[in-house]
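The figures here come from the full heavy-atom set of this structure, side chains too, leaving out hydrogens, waters and symmetry mates.
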Amino acid sequence: MTTRKRIRLVDGLRGFSLLGILLANMLIFQYGMFGKDVMHLFHVPAADKAAHNILQVLVEGSFMPIFAFVFGFGMIKMKESLNAKNRKAGWPLVRRFAMLIGLGLLHSTFLWDGDILLFYGAIGFLLLIFMNRKPKTLMVWSIIFLTVAGLIGLAPEDKAGKEMQAMNHRIETYVQSTVTLYAEGSYAEIKHDRNTANPLGDNAFILVLALISPLMTAPMFLTGMYAAKKGWFADPDENKGMYRKGALIFIPLGIALKTFHLLFPEMIGSGSGEMLGGFALSIGYIMGFSLLYTKFAPSSLMERFEAVGRLSMTNYLMQTVICTTLFYGYGFGWFGKLGVIFGCALSLVIYGVQLFASGWYMNRFKSGPVERVLRMWTYFSWDGKAKRKKIRTKTAAAEA
């Protein structure tokens, strides 16, 4: 199996993850960051409630981790590529993460509050600590972080507590105010609300969330790094057995754990079911897609997934531009009006367009516009490529 085919599988996996990310984000585009969790305020019909439950189990919290996995995988492959050119990976990665933070700040400030680029850039600096660690070390730390996340989730939801009730009241009051604002407001009004509103109210609570978020997401980043070092995709055809076993084990396990959380949200261990289930289902999806790739690649469909993956940042940002234009007041004003089922249908339409548009684009250009700028900044190179560093041998130095 050639290195090129290995890279194409990971590109396809990245492109596949964007489909699930769009399906999950569609809830935020339609109902807001806080509104998606209090959808009773939007008086959604029973069919939409059922669709929302399905999304909670199969999609939410299980596709974004795939993106994290590929992010960690890409870090190691980038390091290996630079080392092969006699260059160190430290500063290029630092510049890359810094630009992701910058793009994330611009994205969240001027377009949408569901940005992930800022977080990925920030956690990238933390991952530098693990970049040169052995695979076993990466897996141990992944298990440690996953265990901590599971232990945190053991505590049942305390909806009866005064502080929780007060926060829930603030959130519901805020969500009710956004229904009209986001559906009819101007760009300036929506931007001001996005950058100033704080329905959580408690800055200490926000700080705690900021501190534990890396713990919750680190396992998938580290598992991606582990996979790169262990060669999970070095020879996909040889690894069919691993992919098949992984899909058969982790997909049912993940669905069972997330269903447990959905059905018994106040039971002890329910939070663990959500966190561990999201991780398990993500691994299952990775294994499942990889297995399908070995069966159907090369094919037109897989090539289109690859194209979407190679343009992942451009496509991710375009999803924001398209959806905010459709749902916010300065566009079509569909906020809170379309419904979950039609939102899913819209996601499939948008992603379908991106499948074909990305394939068309990659047949004519080598990289996407955002990807090209990121590579130029990462490598300090106009062509977006790292130059091989010439090493003077002792013999050559002596002759000179």
Quiz item: Are S381 and M376 side-chain neighbours, meaning at least one heavy-atom pair lies under 4.5 Å?
Solution: no
Exercise. Using a strict 4.0 Å threshold on nitrogen-to-oxygen distance, state whether D11 and R14 make a salt bridge.
Key: yes
Quiz item: Taking the side chain as C-beta and beyond, is there a heavy-atom pair between Q30 and F335 under 4.5 Å?
Solution: no
Quiz prompt | Residue pair A84 / R388: nearest heavy atoms and the distance that separates them | solution = O-NH1, 2.9 Å
Quiz item: Can you pull the side chain to side chain donor-acceptor pair (under 3.5 Å) pairs that have at least one residue in residues 348-357, sequence neighbours excluded?
Solution: N315-Q354, Q319-Q354
Self-check item: Polar side chain donor-acceptor pair, Y174 to N198, under 3.5 angstrom
Solution: no
Quiz item: Without hydrogens or angle criteria, can the side chains of K191 and S186 be said to hold a donor-acceptor pair below 3.5 Å?
Solution: no
Quiz item: For W377, which residues count as a ring pair (Phe, Tyr, Trp, His ring centres under 6.0 Å) partner, sequence neighbours excluded?
Solution: F380
Exercise. Determine, step by step, whether S290 and K240 satisfy the side-chain hydrogen bond (donor to acceptor under 3.5 Å, both in side chains) criterion, reporting the C-alpha distance in whole Å, the side-chain angles of both residues, the deciding distance to 0.1 Å, and the verdict.
Key: CA-CA 8 Å; S290 301; K240 282 183 181 180; over 6 Å; no
Quiz item: Do I143 and L253 belong to the same hydrophobic cluster, where Ile, Leu, Val, Met, Phe, Trp and Tyr are linked whenever their side-chain heavy atoms lie under 4.5 Å apart, directly or via other members?
Solution: yes
Self-check item: Pair N83-K79, side-chain donor/acceptor within less than 3.5 Å
Solution: yes
Quiz item: For K387, does the NZ atom have more than 12 heavy-atom neighbours from other residues, nucleotides or ligands under 6.0 Å away?
Solution: yes
Practice problem: Might you point out which heavy atoms bring P219 and T223 nearest each other, and give the distance in Å? | Solution: O-OG1, 2.6 Å
Quiz item: Taking atom types as modelled, is there a side-chain donor on E306 or Y293 under 3.5 Å from an acceptor on the other?
Solution: yes
Self-check item: Joint cluster assignment, M242 & F250, ILVMFWY side-chain distance < 4.5 Å
Solution: yes
Practice problem: Step through the shown structure and confirm whether more than 12 heavy atoms of other residues, nucleotides or ligands are within 6.0 Å of CZ on F356. | Solution: no
Quiz item: Side-chain heavy atoms under 4.5 angstrom apart, residues restricted to Ile, Leu, Val, Met, Phe, Trp, Tyr: same cluster for M216 and I144?
Solution: yes
Quiz item: Does atom OH of Y330 have more than 12 heavy-atom neighbours, drawn from other residues, nucleotides or ligands, at distances under 6.0 Å?
Solution: yes
Quiz item: Do the side chains of V353 and V370 join up, straight or via other hydrophobic residues, at under 4.5 Å, putting them in one cluster?
Solution: no
Quiz item: Do Q176 and V38 touch side chain to side chain, with heavy atoms closer than 4.5 Å?
Solution: no
Quiz item: Within a reach of under 6.0 Å around OH of Y187, are more than 12 heavy atoms found that belong to other residues, nucleotides or ligands?
Solution: yes
Quiz prompt | Student check: side-chain heavy atoms of S213 and F119 closer than 4.5 Å | solution = yes
Quiz item: Quick check, are the ring centers of F71 and F97 under 6.0 angstrom apart?
Solution: yes
Quiz item: Are the side chains of L311 and E371 in touch, meaning some heavy atoms are under 4.5 Å apart?
Solution: yes
Self-check item: Centroid-centroid under 6.0 Å between F73 and F233 rings
Solution: yes
Exercise. Given ring-ring contact (aromatic ring centres under 6.0 Å, His included), test F327 with F332 step by step and report yes or no.
Key: CA-CA 6 Å; F327 290 105; F332 288 84; 9.9 Å; no
Self-check item: Within-4.5 Å side-chain heavy-atom neighbours: Y243 and L292
Solution: no
Practice problem: Measure from the ring center of Y120 to the ring center of F221 and say whether it is less than 6.0 Å. | Solution: yes
Self-check item: Side-chain ion pair, E303 and R8, N-O less than 4.0 Å
Solution: yes
Quiz item: With sequence neighbours left out, what residues match F289 under ring pair (Phe, Tyr, Trp, His ring centres under 6.0 Å)?
Solution: F16, F305
Quiz item: So with a 6.0 Å cut-off around NZ of K136, is the heavy-atom count from everything else above 12?
Solution: no
Exercise. Would you please classify the geometry between the F145 ring and the W141 ring as parallel, tilted or perpendicular, with 30° and 60° separating the classes?
Key: tilted
Quiz item: In terms of hydrophobic clustering (I, L, V, M, F, W, Y; side-chain heavy atoms under 4.5 Å; direct or indirect links), are L338 and V179 co-clustered?
Solution: yes
